[in-house]
Trainee: 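Pasting a structure here, questions to come.
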Amino acid sequence: MHLPVMALSLQNIIVMIMTLSVVSILTGMSFIEYQINVSRIPLDMCPDDAAWQGVGTLFKNRFLRETNDDDYGVRSDTADIGPTYIPTVPNIYIQKSANIHEEVIKRLTSQELQIYWDALTSFKKRTKIAFKDLAPSQKWGVATTIMNSFGYRQRLPDVINIGAKKGATTPLRFFLGFHPDIVNTVTGRAAEFFDKNFHKGAEWYRRCMGFSREHQVVYEKTPNYLVSDTVPEKITQVLPRTTKFLLLVRDPVERSLSDFRHVRELRRPKEWCLKQSAESEGRRFEEAVLDESGNVNPDNPIISASTYVKHFKRWLRYFPKSQFLILDQELIVGYTFLELQRIEQFLNITPFFRPEMFVFDNDIPGTCINIARKLCPGRASRGTLTKPRPSNETIRKLRQYFRPYNQEFSQITEKSFHWINY
Ligand SMILES: Nc1ncnc2c1ncn2[C@@H]1O[C@H](COP(=O)(O)OS(=O)(=O)O)[C@@H](OP(=O)(O)O)[C@H]1O
């Protein structure tokens, strides 16, 4: 009766020894050192306690503070410092605000965290080089080696949120980041690979992704992909045809107003923004989107970006409709849980979100997630400039302009939105 149990434990021991050997080779720790580390793991450590915070802070300080001033620290060298080879990562992508704490540390189990901590300490002991003195790409190289030893890899994305811009892409990314099976980009930001950074190559793109295990889904959002003429074709050059897409739409007039505000905010200081009235911004909006005869200017990028069907038809030349999940911004804001549930089903991942996790915060105003404590998406995407209030006549013209595009979009997607025939 005890034999199968014994056989099982023997098998477990062999697997463990093999795993430890691989880890020890990859991290450069001796097998004995590794064993000691494992035996020191406090088993009651949990992700919310001080130890977790401590490792997170250490990691942040060491890996994030000393990134280059420009957003991209590009190095392709390898360094051999003293007696120890320190791996560096070619074409590394470390954005200044890279939130590795969010994207990497939270993926580790408490045991892995402890091993990670020990590996960093042992690294310093062996190299006699303070970690802070390493180049960013070397630090990243060490981090990558350790993460790889735990079975985490940086992989090209499985699913891309292609926009539209102002379609609630930021809160969606924020909420999805809590799902244990979804891994965002390292920075959480748009990689903008297929539109702006394609020349940097697929390897660069891969390194923008967070560390993931085999079963996890790698997620990227770049809201401007939707409107680009060349992006769908470029995607077929790099990613498999099975890649999935989230397409976020919004009442086209509301999206245009939000986009206009966003573009102006990027160009003006906050103090200036705070002084503007809805009416004066409304007039500026009209100047931008109407031509001299007072007709809607179809060439204005803000208008063009709201004609979803024009862009979607281009994507359908490269990918089947079944690979797109269409989501409405108003539902993401108003029924966050239900929309996230649809995404879980679309991506075929374990259900994680529950209705009670989502709370509406009137101060933001917007949805927040409540997991252990309340966490809200950054306010940045909601803006500080007053939303433009154009005349009723302009709203009527815009609605009339968008109507045929909305109707065709509804036909193609076989979905109804309240703004289709308004
Ligand atoms: N916390 C929270 N809860 C619910 N909804 C929220 C939240 N934060 C942002 N939003 C919504 O997101 C809109 C901005 O869209 P994006 O994030 O796609 O903007 S961007 O393209 O990345 O700039 C934003 O558009 P505006 O309402 O026009 O500001 C909101 O509709």
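Indexing begins at 1, ligand by ligand and atom by atom, following the structure's order.
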Trainee: Within the structure provided, determine whether Lys374 and Asp361 are in side-chain contact (heavy-atom separation under 4.5 Å).
Mentor: yes

Trainee: Taking atom types as modelled, is there a side-chain donor on Tyr219 or Asn161 under 3.5 Å from an acceptor on the other?
Mentor: yes

Trainee: Which ligand 1 atoms does Pro377 reach within 4.0 Å, using its non-hydrogen atoms?
Mentor: 1 (N)

Trainee: Does any donor atom in the side chain of Asn370 or Glu356 lie under 3.5 Å from an acceptor atom in the other side chain?
Mentor: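 No - no donor-acceptor pair under 3.5 Å links their side chains.
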
Trainee: Do any heavy atoms of Gly167 fall under 4.0 Å from ligand 1?
Mentor: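 It does; at least one heavy atom falls under 4.0 Å.
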
Trainee: Do any nitrogen or oxygen atoms of Val333 lie less than 3.5 angstrom from nitrogen or oxygen atoms of ligand 1?
Mentor: no

Trainee: Which atoms of ligand 1 are found less than 4.0 Å from any heavy atom of Thr170?
Mentor: 16 (P), 17 (O), 18 (O), 22 (O)

Trainee: Quick one: does Arg250 get an N or O within less than 3.5 Å of an N or O on ligand 1?
Mentor: yes

Trainee: Does any N or O in the side chain of Ser304 come within less than 3.5 Å of the main-chain N or O of Asn300, such that one atom is a donor and the other an acceptor?
Mentor: no

Trainee: Between the side chain of Glu408 and the main-chain N/O of Val309, is any donor-acceptor distance below 3.5 Å?
Mentor: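 Such a contact is absent between Glu408 side chain and Val309 backbone.
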
Trainee: Just to verify, what does Glu281 make a side-chain hydrogen bond (donor to acceptor under 3.5 Å, both in side chains) with, not counting sequence neighbours?
Mentor: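 Arg264, Arg284.
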
Trainee: Please state which option from Arg261, Lys166, Lys165 has its nearest heavy atom closest to atom 29 (O) of ligand 1.
Mentor: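 Nearest option to atom 29 (O) of ligand 1, by heavy atoms: Arg261.
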
Trainee: Relative to the ring of Phe194, is the ring of Phe198 parallel (under 30°), tilted (30 to 60°) or perpendicular (over 60°)?
Mentor: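 Tilted.
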
Trainee: With backbone taken as N, CA, C and O and side chain as the heavy atoms from C-beta onward, which portion of Lys221 lies under 4.0 Å from ligand 1: side chain, backbone, both, or neither?
Mentor: side chain

Trainee: Examine Ala168 against ligand 1 and note whether any of their N/O atoms are separated by less than 3.5 Å.
Mentor: yes

Trainee: Quick one: which ligand 1 atoms are inside 4.0 Å of a heavy atom on Gln329?
Mentor: 31 (O)

Trainee: State if Glu254 counts as touching ligand 1 under the rule of any non-hydrogen atom under 4.0 Å.
Mentor: no

Trainee: Enumerate the atoms of ligand 1 whose separation from the nearest heavy atom of His262 is less than 4.0 angstrom.
Mentor: 23 (O)

Trainee: Which of the numbered atoms in ligand 1 are under 4.0 angstrom from any heavy atom belonging to Ser258?
Mentor: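 Near Ser258, meaning under 4.0 Å from one of its heavy atoms, ligand 1 has 25 (O), 26 (P), 28 (O).
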
Trainee: Please could you name the atoms of ligand 1 that Gly366 approaches to less than 4.0 Å, counting only its heavy atoms?
Mentor: 1 (N), 2 (C), 3 (N)

Trainee: When you check the side-chain N and O atoms of Gln341 and Gln345, is any donor under 3.5 Å from an acceptor?
Mentor: no

Trainee: Has the side chain of Arg389 got a donor or acceptor atom that lies under 3.5 Å from a matching backbone atom of Ala278?
Mentor: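 No, the answer is negative, given that no donor and acceptor are paired below the 3.5 Å cut-off.
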
